[in-house]
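First up is the structure itself, then whatever we jot down about it.
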Amino acid sequence: MTSTETERTAGRTTLAEIFGGTHAVIDLDSYTSNLQALQRLIGERDLMAIVKANAYGHGAVECARAAEEVGVKAFGVARIDEALHLRRAGIDAEILVIGPPNAIQVDVAVENDISLTVSTELSLEAVLETTKRQSKPARVHLKVDTGLHRYGSTPELAIELAKQMSKIDEIDLVGIYTHFSSSDEIDRAPTDAQLAKFHRVLDAIKAEGIEIPTVHFANSAAILTGILEGSTMARAGIACYGLDPSSEVPVTSEFKPVMSMRSVVARRSTLPLGEFVSYNRTYSAEIDEEVADIPIGYADGIERHLSNRAWFSHRGRRCNVLGRVCMDQTVISVPEDVSEGDEVIIFGDGSQGEMTVAELGELSDTNTYEPVVRISARVPRVYLRNGRVASWSRPFLNEHGEASSTN
Ligand SMILES: *Cc1c(COP(=O)(O)O)cnc(C)c1O
């Protein structure tokens, strides 16, 4: 066998193994079509695709590669490590660290052409020291806190930092931005107040004769509600993945959920009348009940809070979760015709009776972001392109069955 044939055989084996267990399916066609829908909404502006937290659990490298193919020129991540991960995977576009930069990693960030956010005197000092050492300019975005009160400078400090940075040759002040606290609510008042504050800062900086080419503030919710005027770029996260920013600001029907999660029936059995199921006996059968054990649990990101609340889907039918969700297994109620080895859908676009991410979020008392972000590194991801499996990532083992590191 040639090495490619060996690889292919090894690949097939691995893929069958993945489909035989719990896995997440990531439809990259839906992802790119969501990006294109966002691009239509923002018109001529640049789209920054937010791929922090492993692209909200969807796989940062695979998503970024697909996004580059449809013309996305900027990515946002929260940590320098996440940016390095993308650079080392060959992503050439601008990568902005939207979170506070870890001072110790500023060196390696600048070395790798990663854009940093400066909001404090300390972060500016860290960037300055690095650029002097490396005799290489750093690309910087200035973040203004206009009401969220987390990372960002006060309007006064923002103006001061802009003045300082404009005098330093080693610093390329390419962008200025702010972030909304409540753009996913129907009430626009808090967002308008933040925008007014932001525009006052922009005007003051302009009055100093300082030009900052890129201005951005819109997240997914703001893009969907058309809050874009005065910006040259928009930062979209949740909508890229086809999920609603909130119930008040949902995505339109153009958007498609990108992730679905699937597993298989590991064991079929009858829970006799009066018997309890799973830890601490929180569910008992009122009749002899057909049940199935599914190898998925809170270690995969299906949280224990869903015990006796959630449902999985088997061929379009709802199968309630019975008793406690365990670390690695969950028991569901099933119809008579279910067999061991059958597929069950944990969540997806809802077209086969499965929970949507919005429903899952509601049952977990959280938003649409957390259910996908918490799908753990243990869960293999299968990537679809043109309706076919294009690639996959699997923790612990690479496609040759050798040890691989997880991310
Ligand atoms: C996460 C994040 C975004 C993306 O927000 P979505 O609601 O997912 O679109 C944009 N900007 C900043 C600063 C963020 O932290």
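Counting convention: from 1, in listed order, for ligands and their atoms alike.
Between the side chains of E275 and Y283, not a single donor N or O lies within less than 3.5 Å of an accepting N or O.
Residues P335 and R268 come closest through the heavy atom pair O-NH1, 4.1 Å. Closest of all the heavy-atom pairs between A234 and I223 is CB-CD1, 3.6 Å.
With respect to R378 and D300, a salt bridge is recorded, a charged nitrogen being found less than 4.0 Å from a carboxylate O.
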- From CA spacing to verdict: side-chain contact (heavy atoms from CB on, under 4.5 Å), D27, K256: CA-CA 9 Å; D27 188 340; K256 297 177 206 111; over 6 Å; no
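In this pair, H141 and Y177 present their aromatic rings perpendicular. The plane angle is above 60°, beyond the 30 to 60° band.
Listed as neighbours of ligand 1 are I50, K52, Y56, I98, K143, R150, H179, N219, S220, R235, A236, G237, I238, Y369, each bearing a heavy atom under 4.0 Å from the ligand.
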